[in-house]
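Being a predicted model, the structure only gives us computed values, none of them experimental. Worth knowing before you read on, the calculation uses all heavy atoms, side chains too, and leaves out hydrogens, waters and symmetry mates.
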Amino acid sequence: QVQLVESGGGSVQPGGSLRLSCATPGYYVYNNNGMAWFRQAPGKEREFVAVVWPDGDVNYVESVKGRFTISIDKAKDTVYLEMNSLKQEDTAVYYCARNKYSWQSNAPMVGDIEDWGQGTRVTVSS
């Protein structure tokens with residue numbers, strides 16, 4: 001099991017930006033697994049947001065394309081989610097996740113995840 005430690009959540013106004021971080025102490029983040037972000041809004045199921053694969057390929061849920069960017073700092077073994085032009089509908093708890101696989105043609109689902117972080121809350125409100 002790999003420990004995933006998120007940080008960077010908070011409250012912002014619509015149109016604002018946040019950067020979430022996911023540290024993976026003791027784990028080489030560019031190992032053989034994809035690294036992803038999911039989110040869960042109140043009363044809703046956990047949903048996929050973004051994934052980065054070991055070959056650098058990325059995938060996003062349609063609703064965040066052009067606004068969110070997932071990246072990895074190999075030197076720091078940290079995964080980031082840069083979120084711009086935030087909307088109220090982005091309000092959720094965001095979870096860092098380590099995928100079971102090194103690549104998938106489809107967007108990862110909850111059942112494809114090996115390890116989860118504890119979550120960090122993002123609130124977008126005026």
Could you go step by step and tell me if Asn99 and Trp53 meet the side-chain contact (heavy atoms from CB on, under 4.5 Å) rule?
CA-CA 9 Å; Asn99 198 294; Trp53 301 108; 3.6 Å; yes
Walk me through whether Arg121 and Ser11 qualify under side-chain contact (heavy atoms from CB on, under 4.5 Å).
CA-CA 8 Å; Arg121 187 174 300 276; Ser11 296; over 6 Å; no
Test side-chain contact (heavy atoms from CB on, under 4.5 Å) on Thr24 and Thr78 and set out the steps.
CA-CA 6 Å; Thr24 62; Thr78 300; over 6 Å; no
Starting from the C-alpha separation in whole Å, work towards a yes-or-no answer on side-chain contact (heavy atoms from CB on, under 4.5 Å) for Leu20 and Met83.
CA-CA 8 Å; Leu20 306 183; Met83 305 186 296; 3.8 Å; yes
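In the hydrophobic clustering of this structure, Val58 groups with Val51; members are Ile, Leu, Val, Met, Phe, Trp, Tyr whose side-chain heavy atoms approach within less than 4.5 Å, directly or through other members. Following chains of ILVMFWY side-chain contacts shorter than 4.5 Å, one cannot reach Val5 starting from Val2, and the two form parts of different hydrophobic clusters. Linking Ile, Leu, Val, Met, Phe, Trp and Tyr whenever their side-chain heavy atoms come within less than 4.5 Å puts Val110 and Phe48 in one cluster. The hydrophobic cluster containing Ile113 also contains Trp103, counting ILVMFWY residues as joined when their side-chain heavy atoms lie under 4.5 angstrom apart, directly or transitively.
Between Cys96 and Met35, some side-chain heavy-atom pair lies under the 4.5 Å cut-off. Side chains of Thr120 and Val93 form no contact here, defined as non-hydrogen atoms less than 4.5 Å apart. Using a 4.5 Å cut-off on side-chain heavy atoms (C-beta onward), Tyr80 and Ile72 make no contact. With contacts defined as side-chain heavy-atom distances shorter than 4.5 Å, the pair Gln40/Glu47 does not qualify. Side-chain contact between Leu81 and Thr69: absent, with no pair of heavy atoms (C-beta onward) separated by less than 4.5 Å. Side-chain contact between Val49 and Val64 is present, with at least one heavy-atom pair separated by less than 4.5 Å. Between Cys22 and Trp37, the closest side-chain pair of non-hydrogen atoms falls below 4.5 Å.
Between the side chain of Gln13 and the backbone N or O of Ser126 there is no donor-acceptor pair closer than 3.5 Å. A distance-only check finds no donor-acceptor pair linking the side chain of Tyr101 to the backbone of Asn32 [under 3.5 Å]. A donor-acceptor pair under 3.5 Å links the side-chain atoms of Thr91 to the main chain of Val124, judged by distance alone. The backbone N or O of Ala92 sits nowhere less than 3.5 Å from a side-chain atom of Lys44 that would complete a donor-acceptor pair.
The stretch residues 82-92 participates, sequence neighbours left out, in these salt bridge (Lys or Arg N to Asp or Glu O under 4.0 Å) pairs: Arg39-Asp90, Arg67-Asp90. Listed by first and then second residue, the disulfide bond (SG atoms under 2.5 Å apart) pairs that reach into residues 41-87 come to none, sequence neighbours excluded.
Minimum interatomic distance between Lys100 and Gly111 (heavy atoms only, all atoms of both residues): NZ-O, 3.0 Å. Between Ser125 and Gln88, the shortest heavy-atom contact is CA-NE2, 4.2 Å. When all heavy atoms are compared, the tightest approach of Ser102 to Pro54 is O-CD, 3.2 Å. Of all heavy-atom pairs between Gly8 and Leu18, the closest is O-CD2, 3.8 Å.
Seen from the ring of Phe38, Arg46 does not count as a face-on cation partner, given the 6.0 Å and 45° thresholds. Judged by a 6.0 Å distance limit and a 45° cone about the ring axis, Arg98 is not positioned over the six-membered ring of Trp116.
For the 3.5 Å distance criterion, the side chains of Asp112 and Gln104 qualify, holding a donor opposite an acceptor.
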